[in-house]
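This chain uses plain numbering: 1 for the first residue, then up along the sequence. As a basis for the values below, the full set of heavy atoms in this structure was taken, side chains included, without hydrogen atoms, waters or symmetry mates.
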Amino acid sequence: MCTFTLAVSVGAVLLLPFSIISNEVLLSMPHNYYIQWLNGSLIHGLWNLVFLFSNLSLVFLMPFAYFFTEAEGFSGSKKGVMSRVYETSVVLLLLTLLVFGILWVASAIVDDDAAGRESLYDLWEYYLPYLYSGISLFGVLLLLFCTPLGLSRMFSVTGKLLVKPRLLENLEEHLSCTAFEEAAISRKISTKASCWLNLNMEALQKRLLAIKSHRITLEMRRKASPWQRNLVYPLAMLLLLALTGISVLIVCFHVLELLIDDAAMPKGMQDSRLGKVSFSVFGPFGAAVQVILIFYLMAASVVGFYSSPFFTRLLPQKQNTTMTKIIGNCVSLLVLSSALPVFSRTLGITRFDLLGDFGRFNWLGNFYLIFLYNILFAGLTTLCLVKKFTWAMQAELIRAFGLDRLSLPVNRIRSQGKP
């Protein structure tokens, strides 16, 4: 069930980029025999399948997986897999009735008319889209707060993966100090048999592993070629800065579009107009930029999600991740990825309208909500980037000039009897 949910998440991420690329391919080769299979009905069917499987995973599969891990079987029944399945099914049925009852009451309060009362008895066409609309709104709001944080954290994550250039830094001296510190802690650990030493061995082991990891990183930096140090790292930082700047500029331009053009509002499209008009002013190049930005924003949202203080505990650990945490990660990734098409269209990253049930969300037609969402995204992203670069530049200057190795000033305590 978790594997199926992750597969649906990957499909939701690839949904909008695949649709944009398909549209450009049909525009460039409209009469090619070998791409006749690529048509609007196929893309529309993919959107409907992703919507269906997202509902299935969020409403049934993931709750069933969680309740199954917690189930032990009814009292008096035989212990085994089937008894746990029976208990899980009963609990899931009761939860489903509770959720649908709450939705029924909420819908009856909001839509107090004849048409609203008739739609209350339509499970497939009303309840599931209504429930998924609320989940999608939660996912879009989660992306609003995770993506700006992730855009600022992407520079730190990329910096850890690449080799930084040596700017006013004595790498050999730093490596020697790290080696001496590692040897000192190893010596303390080796003397643990001495009863007169009161040492926290667990803390020393963690400190030793951290120092070893830092020493390996320094050795990799020393062995790296000048091209890798002085070219790859600056280019990667410039690429991240360019992608982030383009994203913010597109959102700011979309804010102006919302004020003067009603077509800038996100809306659904029942019949896919593939191969008729490009969804970018710059043609294939603009479509390629849109696809890159969509993948970049998704990666930034995942980084920001796991960097958030609220969801840091969900970060998987190698050979130390419980099944409950795995289920939580699958649900989180599915919520983020299924909201990505709506998120991208709401911010104006692409002009590709939402297909199928993705365009039936009621809150997409609220101008004030969409306008405020764009303003908040641009403001939060700018604020996070300014704060990140200010602190990062200060830390790099302190490290480059060696000020981080200076001892803090302490008050000298004069011993008694000495002047």
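- Other residues, nucleotides and ligands contribute more than 12 heavy atoms inside 6.0 Å of the CZ atom of Phe68.
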Take Leu14 and Phe295 through the test side chain to side chain contact (heavy atoms under 4.5 Å, CB included) and record every step on the way to the result. CA-CA 9 Å; Leu14 297 176; Phe295 284 126; 3.7 Å; yes
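- Counting heavy atoms from C-beta on, the side chains of Trp47 and Ser19 come closer than 4.5 Å.
- Here CG of Leu137 is found 7.0 Å from CG of Leu369. Values are rounded to the nearest 0.5 Å.
- In this view, Gln317 and Asn320 satisfy the side chain to side chain donor-acceptor pair (under 3.5 Å) rule, not counting sequence neighbours.
- Using a 30° and 60° split on the angle between ring planes, Phe311 and Phe305 fall in the parallel class, below 30°.
- Distance OG/Ser9 to CG/Leu340: 11.0 Å, rounded to 0.5 Å.
- Tested against Ile326 for a side chain to side chain contact (heavy atoms under 4.5 Å, CB included), the candidates Thr69, Val331, Leu6, Thr321 yield a single pass: Thr321.
- Among the candidates Ile294, Leu46, Leu49, the single residue satisfying the side chain to side chain contact (heavy atoms under 4.5 Å, CB included) test with Leu15 is Leu46.
- Under the 4.5 Å side-chain criterion, counting only non-hydrogen atoms from C-beta, Leu98 is not in contact with Leu94.
- Judged as a ring-ring contact (aromatic ring centres under 6.0 Å, His included), and not counting sequence neighbours, the contacts of Phe371 are Phe367.
- Not a single salt bridge (Lys or Arg N to Asp or Glu O under 4.0 Å) links Glu70 to another residue, sequence neighbours left out.
- Of all the heavy atoms in Tyr296 and Thr244, the pair that sits closest is OH-OG1, 2.7 Å.
- Across all non-hydrogen atoms, the minimal contact from Ile349 to Gln290 is O-CG, 3.3 Å.
- Residues passing the ring-ring contact (aromatic ring centres under 6.0 Å, His included) test with Tyr306: none are found, sequence neighbours excluded.
- With contacts defined as side-chain heavy-atom distances shorter than 4.5 Å, the pair Pro63/Val59 does not qualify.
- For Glu87, there are no side chain to side chain donor-acceptor pair (under 3.5 Å) partners at least two apart in sequence or on another chain.
- Side chains of Tyr373 and Leu347 form a contact here, defined as non-hydrogen atoms less than 4.5 Å apart.
- In this structure the side chain of Val289 never reaches within 4.5 angstrom of the side chain of Phe282, judged on heavy atoms.
- Under the 4.5 Å side-chain criterion, counting only non-hydrogen atoms from C-beta, Phe18 is not in contact with Val13.
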Check: residues 251-258 side-chain donor-acceptor pairs under 3.5 Å, at least two apart:
| unit_1 | atom_1 | unit_2 | atom_2 | d |
| --- | --- | --- | --- | --- |
| His254 | ND1 | Thr346 | O | 3.4 |
| His254 | ND1 | Asn374 | OD1 | 3.0 |
| His254 | NE2 | Ala264 | O | 3.1 |
| Glu257 | OE2 | Arg351 | NH1 | 3.4 |

